[in-house]
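First the proteins, then the strands, lettered A, B, ... as listed; each starts at 1. None of these values were measured; they are calculated from a predicted model.
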Protein chains: 2
Amino acid sequence: MRILIIEDEAPLLERVTAQLREQGYAVDTAADGRTGLYLGQEYPLDAAVVDLGLPDLSGIEVISRWRASGRCFPILILTARGRWQDKVEGLEAGADDYLVKPFHMEELLARLRALIRRTGGWTQSLLSCGSIALDTGAQLVTLAGQPVEVTAYEYKLLEYLMLHAGMVISKTTLTEHLYQEDEDRDSNVLEVLVGRLRRKLDPDRTLNPIETLRGRGYRFALDRSSG
Amino acid sequence: MRILIIEDEAPLLERVTAQLREQGYAVDTAADGRTGLYLGQEYPLDAAVVDLGLPDLSGIEVISRWRASGRCFPILILTARGRWQDKVEGLEAGADDYLVKPFHMEELLARLRALIRRTGGWTQSLLSCGSIALDTGAQLVTLAGQPVEVTAYEYKLLEYLMLHAGMVISKTTLTEHLYQEDEDRDSNVLEVLVGRLRRKLDPDRTLNPIETLRGRGYRFALDRSSG
DNA sequence: ATTAAGCTGTAAGCTAATTTAAAACTTATT
DNA sequence: AATAAGTTTTAAATTAGCTTACAGCTTAAT
């Protein structure tokens, strides 16, 4: 999951960034509206956290412009305590949720998770497709009820694919979401990762939960109804 | 467990703080509503004790604002005897339990324990998983019925993990709830602590009650049904 | 006051899991 | 058949977590 944070208070920005990275998100940051606007236009985000009180270009303005240009990832706005009324303006501009500063880090995480889940069309913390299920709370993957051991990266990959089950996800998109740095064009980490995950999720090579669309990317199959 | 106390009478605040620290809680304190509100927004609390008769910002106000901004830790309110009717207002604002002053320290401790337990989904004061049981009242740990000697920190760690049994808890989250100070990123206290606890709870290395999820955290196993 | 015992945190080395990189190999597409 | 895209295998590099030993403190006992 790739998240953008736009926040001008450096210490807060750092804390939030560290926390989200720890949770396994790929995090992009901006300390002003202009940079933030650009990053949001340029990169495929899963969510954005935007402080409304920004220098140069206001948070409201950034959100409006994103929405005007068709960007539809969920946006969580942060408002200073004295300015909580701003939230209305923010929500009208196209934000999805708000949080009043100072806030509880866990609250931010919870809301972000909820937002991301909602946009993926999932409502509970258990993603399940056919015989494969992923519990985001216990971070447990099960295959036909049996737990499957997955590594941190495998988990992230699976979560992203299941969250977007049925959609084709390009390799570039995947690398961008799983890793901070931009892709090395001469690396096959992703293919290796997909291979390992496939072997774990489908030992007998019969279900094929992760489809390959040559030249386009991967797709998590929706309809493997053997579970 | 991390607890916040908001109380303007200094002697009472001190007594309660000392008592809770003695019980092994990490305690944050505030003598007025404004500070208390802020601390509650900022730190990951497991519970809060709020006196309703506060200077500047009232207890009711503090609770309302916390709840409005999504804070969901349990809250115990304290009311003066003459003002016991205030409790209704407090509970409506989002508090979970109340205590009329003057009270017995024992009673406060018992109610706090109950509140914290309930948030983890436990209804009785005995947390038990497989052959491991933890009595939050007596602060006693038993393994297959036999008492196990654990130190203060080992107890805190075990209590937190058992309360959130089945969920993955990151190391940062654990440190935040076990210690007052913020994490040293280059310390391995937690690993050492987990190691010691494991040796005590599972001397033969066969049950593995505390699972490690590399890169993600620890998880107390729900289903070790050998007890 | 002195000593002993136990608790907690630090540091270092170690182990093993995980990730990366590279090369050989397979499959689709034109 | 030629080429591009994807897969698999292996080995090397990296890193997270475990263990152990020890030192500083605190608490209890003499």
Side-chain angles (χ1 to χ4, degrees), chain A residues 18 21-24 26 139 141 148-158 161 168-175 177-205 208-220, chain B residues 18 21-24 26 139 141 148-158 161 168-175 177-205 208-220:
Chain A
R21 293 231 164 103
E22 158 138 351
Q23 294 293 312
Q139 301 205 354
V141 178
V148 175
E149 295 289 329
V150 295
T151 71
Y153 271 111
E154 287 161 8
Y155 180 88
K156 280 198 242 182
L157 171 64
L158 180 60
L161 287 176
V168 181
I169 315 290
S170 79
K171 292 208 264 198
T172 343
T173 307
L174 277 176
T175 356
H177 285 270
L178 296 179
Y179 297 91
Q180 298 293 315
E181 313 77 31
D182 283 39
E183 29 140 18
D184 296 356
R185 46 193 74 261
D186 57 340
S187 163
N188 66 340
V189 254
L190 208 88
E191 283 93 334
V192 174
L193 194 54
V194 169
R196 274 201 311 258
L197 188 56
R198 273 178 175 152
R199 209 174 324 154
K200 291 190 181 180
L201 293 180
D202 184 25
D204 341 320
R205 287 306 149 94
N208 185 32
I210 302 171
E211 299 169 273
T212 301
L213 290 111
R214 195 172 221 268
R216 285 174 289 159
Y218 296 101
R219 176 170 59 195
F220 194 88
Chain B
R21 291 235 165 98
E22 174 154 331
Q23 293 293 310
Q139 299 212 349
V141 179
V148 175
E149 294 291 327
V150 295
T151 70
Y153 270 101
E154 286 162 8
Y155 179 87
K156 285 195 234 185
L157 171 64
L158 181 61
L161 287 177
V168 178
I169 314 291
S170 79
K171 293 208 260 197
T172 337
T173 305
L174 276 177
T175 0
H177 286 265
L178 262 47
Y179 296 91
Q180 301 278 323
E181 313 77 32
D182 284 39
E183 31 138 18
D184 294 356
R185 46 191 69 265
D186 56 343
S187 164
N188 66 340
V189 247
L190 218 88
E191 282 97 327
V192 174
L193 199 51
V194 168
R196 293 205 258 250
L197 187 55
R198 273 178 176 153
R199 209 174 324 158
K200 292 189 180 178
L201 293 180
D202 184 24
D204 339 321
R205 288 301 149 98
N208 186 31
I210 301 170
E211 299 168 273
T212 300
L213 289 113
R214 196 178 219 264
R216 289 177 284 164
Y218 295 101
R219 177 172 59 196
F220 194 88

Query - Among D/dT20, C/dT19, C/dG9, the nucleotide that comes nearest once only the side chain of B/R199 is considered - result: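 Looking only at heavy atoms from C-beta outward on B/R199, the closest nucleotide is D/dT20.
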Query raised in the report: Given C/dT20, D/dG17, D/dT7, which nucleotide is nearest the side-chain atoms of A/R196?
Result: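 Nearest to the side chain of A/R196 among the choices is C/dT20.
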Requested in this report: Please name the residue in the list B/V141, B/V148, B/L193, B/L201 that meets the side-chain contact (heavy atoms from CB on, under 4.5 Å) test with B/E154.
Outcome: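 Single side-chain contact (heavy atoms from CB on, under 4.5 Å) partner of B/E154 among B/V141, B/V148, B/L193, B/L201: B/L193.
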Nearest-Å distance, [atom1] ([X]) to [atom2] ([N])?
X: A/L197; N: C/dT18; atom1: CG; atom2: C1'; answer: 14 Å
X: A/E191; N: C/dT26; atom1: CD; atom2: P; answer: 17 Å
X: B/Q180; N: C/dT8; atom1: CD; atom2: C1'; answer: 16 Å
X: B/Y153; N: C/dG9; atom1: OH; atom2: C1'; answer: 10 Å
X: A/L178; N: C/dT19; atom1: CG; atom2: P; answer: 11 Å
X: B/L190; N: D/dT19; atom1: CG; atom2: C1'; answer: 15 Å
X: A/E154; N: C/dT20; atom1: CD; atom2: C1'; answer: 14 Å
X: A/K200; N: C/dA17; atom1: NZ; atom2: P; answer: 11 Å

Query raised in the report: Looking at side-chain heavy atoms only, is the closest gap between B/T212 and B/E191 below 4.5 Å?
Result: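 No, too far: nothing below the 4.5 Å cut-off.
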Query raised in the report: Does the side chain of B/Y218 reach to within under 4.5 Å of the side chain of B/L190, using non-hydrogen atoms?
Result: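 With C-beta onward as the side chain, the pair touches.
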At under 4.0 Å, does any side-chain N or O of [X] touch on OP1 or OP2 of [N]?
X: B/T151; N: C/dT8; answer: yes
X: B/Y179; N: C/dG9; answer: yes
X: A/Y218; N: D/dT7; answer: yes
X: A/R205; N: D/dT8; answer: yes
X: A/K171; N: D/dG6; answer: yes
X: A/T212; N: D/dT7; answer: yes

Query - Closest-nucleotide 5' rank along DNA chain C - winner of A/V189 and B/N188 - result: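 It is B/N188 whose nearest nucleotide is closer to the 5' end.
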Spacing of [X] atom [atom1] and [Y] atom [atom2] [to the nearest 0.5 Å]:
X: A/Y153; Y: A/R196; atom1: OH; atom2: CZ; result: 11.0 Å
X: B/T175; Y: B/Q180; atom1: OG1; atom2: CD; result: 13.0 Å
X: A/R216; Y: A/K171; atom1: CZ; atom2: NZ; result: 13.0 Å

Query raised in the report: B/K156 side chain to B/G24 main-chain N or O, any donor-acceptor pair under 3.5 Å?
Result: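 Flag set: sc B/K156 to bb B/G24 pair under 3.5 Å.
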Requested in this report: Taking A/R198 for its side chain and A/I210 for its backbone only, find out whether a donor-acceptor pair lies under 3.5 Å.
Outcome: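 Looks like yes, one N/O pair under 3.5 Å.
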**Report entry** Degree of bending in the helix from C/dA1-D/dT30 to C/dT30-D/dA1 once both end axes are built from five pairs, to 10°
**Finding:**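 End-to-end axis angle: 30°.
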Query raised in the report: Base, sugar-phosphate alone, or nothing: which one does B/R198 contact when heavy atoms must sit under 4.0 Å apart?
Result: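 Since only primed, P, OP1 and OP2 atoms lie under 4.0 Å of B/R198, the category is sugar-phosphate.
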Requested in this report: Could you tell me whether the side chain of B/R214 has a donor or acceptor atom within less than 3.5 Å of a complementary atom in the base of D/dT15?
Outcome: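 Side chain to base: pair present.
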Query raised in the report: Pick the nucleotide of DNA chain D nearest each of A/V192 and A/L213; which residue has the one closer to the 5' end?
Result: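 Nearer the 5' end of the strand: A/L213.
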